[in-house]
Structure formats: C-alpha cells, structure tokens
Amino acid sequence: QVQLVESGGGLVQAGGSLRLSCAASGRTFSRYTMGWFRQAPGKEREFVAAVRMSGMNMYYYGDSVKGRFTISRDHAKNTVYLQMNSLKPEDTAVYYCALSPSALISGVIRSLYEYDHWGQGTQVTVSS
C-alpha cells in the first residue's frame, strides 16, 4: 500500500504564497511520478503540476499556474513540493497529491487517470 500525506494548505490573501508538501510512504517504486491536482466546488479535478521522481529534472504545469507555481522533488525523502506564488482567488480549491507507479511520458502525465494513489487533499483558500 502507498500512503500520501499532504500538508501546507491554508488561507492566504491574493498575491500571497503557500507551499504544499506531499510525502509518500509504504510500498516503494524504482521509477514513479508524483503530481498535484486540484478541485474547486462544482468543477472537475484539474491538473496542476507533475514531476518524475527519478531521471532528468523535467517539470510539467497546467496552463493556469505556469509562471506562478513551482513543483520540486526530493527523491531521497519520497517527497514532492508545490510552491505557489502570486495566488489568485481562482486558485481556491482542494489540492490533491497523486502518485503513479511508473515514469509517465509527457503525453499522459497530465491525466488524472494515470495516477493510482491519491492523498486526502488539503484546502487552499485565497481571499480577494
């Protein structure tokens, strides 16, 4: 079994910053991918960012967060981080950490259906 534990959500004013963390434990994989998705009330779950946890440092972002959010990884700690800057009210959502037990190719890394394991979610609220 894989457990994903997220932390770092909260309430922030527009223009502020937050940093989310997600630590994976339990079953380990030699090559895997971790990502962040978010879901606002009444909306579908949306891709935010993802990174393969080994190999080259290549990062993937959703269009709505490019230039504002940064994903990073610590392979030794099985942890992924999401630094969120210049937050907007439309960033308000529950943010979910996800893990795929394979090194996803770029063509599918943004698809939530490629991820088998999910965290419980952490609320991010941005006030205007």
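Each residue takes its place number in the sequence, starting with 1. Worth knowing before you read on, the calculation uses all heavy atoms, side chains too, and leaves out hydrogens, waters and symmetry mates.
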Which heavy atom of [X] sits nearest a heavy atom of [Y], and at what distance?
X    : Y   : answer
C97  : M34 : SG-CE, 3.7 Å
A24  : L99 : CB-CD1, 4.0 Å
A14  : P89 : CB-CD, 4.1 Å
T92  : A40 : O-CB, 3.7 Å
A103 : T33 : CA-OG1, 3.5 Å
E46  : S64 : OE2-OG, 3.2 Å

Report the residues that fulfil side-chain contact (heavy atoms from CB on, under 4.5 Å) with S7, sequence neighbours left out, ordered by chain and then residue number.
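S7 satisfies side-chain contact (heavy atoms from CB on, under 4.5 Å) with S21 once adjacent residues are dropped.
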Step by step, would you call Q83 with S72 a side-chain contact (heavy atoms from CB on, under 4.5 Å)?
CA-CA 8 Å; Q83 178 66 43; S72 59; over 6 Å; no
Determine, using the 4.5 Å side-chain heavy-atom cutoff (strictly less than), whether [X] and [Y] are members of one ILVMFWY cluster.
X    : Y   : answer
L104 : M56 : yes
L4   : L82 : yes
M84  : V12 : yes
I71  : L87 : yes
V51  : Y81 : no

Would you list the pairs meeting ring pair (Phe, Tyr, Trp, His ring centres under 6.0 Å) in which at least one residue belongs to residues 34-79, sequence neighbours left out?
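Only F37-F47, F37-Y115, F37-W118 qualify under ring pair (Phe, Tyr, Trp, His ring centres under 6.0 Å).
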Kindly indicate whether a cation-pi arrangement holds for R38 with Y96, taking the cut-offs as under 6.0 Å to the six-membered ring centre and within 45° of the axis.
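No; the conditions do not both hold, so R38 does not lie above the ring face of Y96.
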Compute both the distance and the angle, then confirm whether R52 meets the cation-pi test with Y32: under 6.0 Å from the six-membered ring centre, within 45 degrees of the axis.
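Output no; distance or angle outside limits.
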Less than 4.5 Å apart, any side-chain heavy atom of V94 and any of T122?
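No - every pair of side-chain heavy atoms lies 4.5 Å or more apart.
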Give a yes or no on whether the backbone of [Y] and the side-chain of [X] come within a donor-acceptor separation of less than 3.5 Å.
X    : Y    : value
R31  : S102 : no
Q13  : S127 : no
T125 : L11  : no

[atom1] of [X] to [atom2] of [Y]: how many Å apart, nearest 0.5 Å?
X    : Y   : atom1 : atom2 : value
Q120 : C22 : CD    : SG    : 8.5 Å
E44  : Q39 : CD    : CD    : 8.5 Å
Q123 : Y95 : CD    : OH    : 9.5 Å

Do you see a donor-acceptor pair shorter than 3.5 Å between the side chains of D74 and T79?
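T79 and D74 do not have a side-chain donor-acceptor pair below 3.5 Å.
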Show me the side-chain donor-acceptor pairs of residues 107-114 shorter than 3.5 Å, one per line, residues at least two apart or across chains.
residue	atom	partner	partner atom	Å
S111	OG	Y113	N	3.3

Between D91 and K88, is there a salt bridge with N-O shorter than 4.0 Å?
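D91 and K88: not salt-bridged.
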